[in-house]
Amino acid sequence: MNNSKFLKALSLQTNSIPPVWFMRQAGRYLPEYQEIRKNYSNFLDMCKQPKTCAELALQPIDRFDLDASILFSDILTIPDALNLGLAFHEGEGPRFSNPISSPQDIKKLIRFDVNAVDYVFKAVEETKKQLPKDLPLIGFCGSPWTLAAYAIEGGGSKDFRKTKKFMKEHPDELQEFLEILSNACYEYLRQQVLSGVNALQIFDSWADLLSDKDLEDFSLRYTRLLTNQLKADPVTSNIPIILFEKAPKKKITDLIFEDISCISLHWQEDIESIALNLKNKYALQGNLDPHVLLGPDETIWNETQKICTIMNEYPGFVFNLGHGITPDIKPEKVKVMIDAIRK
Ligand code: CP3
């Protein structure tokens, strides 16, 4: 792994050409993904097939020669293992048939058993077997807050009204739930590391639902609980951690904490000013607006080069999108972006 540009960047080294990977790089925008996906009616069933996960994780590597691979799975495997009854129905995203609707639901929750998600660790092993030797594999989980929001809401939502109501009415029980999730995430990531992942990313995809203060009390506190455990454990203490906070109300420079190696910037963040503040302290990943990939090649080229120019001297830069790639983006457009980075 000594030759990995991605891992070098995470340890604050400069690369003459920045490493690149991107969120949701294996997914529906790829025709080769669709080819396999059509054999499964429920997306989660596909995640439970380690050989298929490995094949899917390798698709974007084969096509674009990226600098890091990400485990093919989902953040919702943990609430699924807690028996919340997860299914992905065609065209409507994730749905839980037994969401957390009351404090009693938290009291009677089953204990998280890491063996219930054994298929994830098998997918890590299988993917590592197939990846080129020097290509790092990123493991991941959702932040405790983001997992709680899905578990309470019962799926995706525009405004997460149930979750916000639960937070107002039962803050203590919500915090108990967040602690349970934080411990589950720790065991989950630890086992991913034991199975072979080389870096970890935590997705706080619903950070934007929270006010400045609530972000601290309901999200960051529990993400820190998780990263503290990872840093205190000799199995995971040397594994770099990347944190993605989606458009938080708090300034990025005010929410970063010690255990994190790298911050993954949402596309709404100003990478230039953040880079000035975080230089030599944290690696930065980001942050092209994925919508740019729907536009003309010339715009893709210019916007990509703009970020690369700003970050040229930054010790520890990883090129990424500012959020996941969407199914409507054409793979040829991604190629334009990658050529612009490597020119
Ligand atoms: O290349 C990769 O990044 C693959 C691994 C991956 C997936 N999901 C596969 C997936 C990762 C890292 C995730 C993380 C994930 N899952 C997040 C955090 C990242 C973010 O976008 O903020 C979240 C919030 C989820 C929950 C989730 N999973 C949703 C909301 C959906 C439906 C999305 C939609 O647009 O309909 C999924 C399904 C999902 N996860 C797909 C993939 C490839 C699509 C499933 C399909 O083919 O039907």
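Order of listing sets the numbers, starting from 1, for every ligand and every atom in it. If you're wondering where the values come from, they're calculated on a predicted model, not measured in any experiment.
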Side chains of E153 and F166: does their closest heavy-atom pair fall under 4.5 Å? no
So, F140 versus F203, ring centres under 6.0 angstrom or not? yes
K306 with E303: basic N within carboxylate O range, under 4.0 Å: yes
Just do the salt bridge (charged side-chain N to carboxylate O under 4.0 Å, His left out) check on K246 and D208 with the steps written out, would you? CA-CA 6 Å; K246 183 182 139 207; D208 57 335; 3.4 Å; yes
If I take atom CD1 from residue I100 and atom CG from residue L82, how far apart are they, to the nearest 0.5 angstrom? 7.5 Å
Which one of N320, I341, L293 satisfies the side chain to side chain contact (heavy atoms under 4.5 Å, CB included) criterion with L288? L293
Go ahead and list the nitrogen or oxygen contacts between ligand 1 and the protein that come in under 3.5 Å, distances to 0.1 Å, or just say none.
from: ligand 1; atom 1: 1 (O); to: Q25; atom 2: N; distance (Å): 3.0
from: ligand 1; atom 1: 1 (O); to: A26; atom 2: N; distance (Å): 2.9
from: ligand 1; atom 1: 3 (O); to: R24; atom 2: N; distance (Å): 2.9
from: ligand 1; atom 1: 8 (N); to: R24; atom 2: NE; distance (Å): 3.3
from: ligand 1; atom 1: 8 (N); to: D74; atom 2: OD1; distance (Å): 3.1
from: ligand 1; atom 1: 16 (N); to: R24; atom 2: NH2; distance (Å): 3.3
from: ligand 1; atom 1: 16 (N); to: D74; atom 2: OD1; distance (Å): 3.0
from: ligand 1; atom 1: 21 (O); to: H323; atom 2: NE2; distance (Å): 3.2
from: ligand 1; atom 1: 22 (O); to: S205; atom 2: OG; distance (Å): 2.5
from: ligand 1; atom 1: 22 (O); to: H323; atom 2: NE2; distance (Å): 2.7
from: ligand 1; atom 1: 28 (N); to: D74; atom 2: OD1; distance (Å): 2.7
from: ligand 1; atom 1: 35 (O); to: R28; atom 2: NH2; distance (Å): 2.7
from: ligand 1; atom 1: 36 (O); to: R28; atom 2: NH1; distance (Å): 3.4
from: ligand 1; atom 1: 36 (O); to: R28; atom 2: NH2; distance (Å): 3.4
from: ligand 1; atom 1: 40 (N); to: D74; atom 2: OD1; distance (Å): 2.8
from: ligand 1; atom 1: 47 (O); to: Y33; atom 2: OH; distance (Å): 2.6
from: ligand 1; atom 1: 47 (O); to: R37; atom 2: NE; distance (Å): 2.7
from: ligand 1; atom 1: 48 (O); to: R37; atom 2: NE; distance (Å): 3.2
from: ligand 1; atom 1: 48 (O); to: R37; atom 2: NH2; distance (Å): 3.0

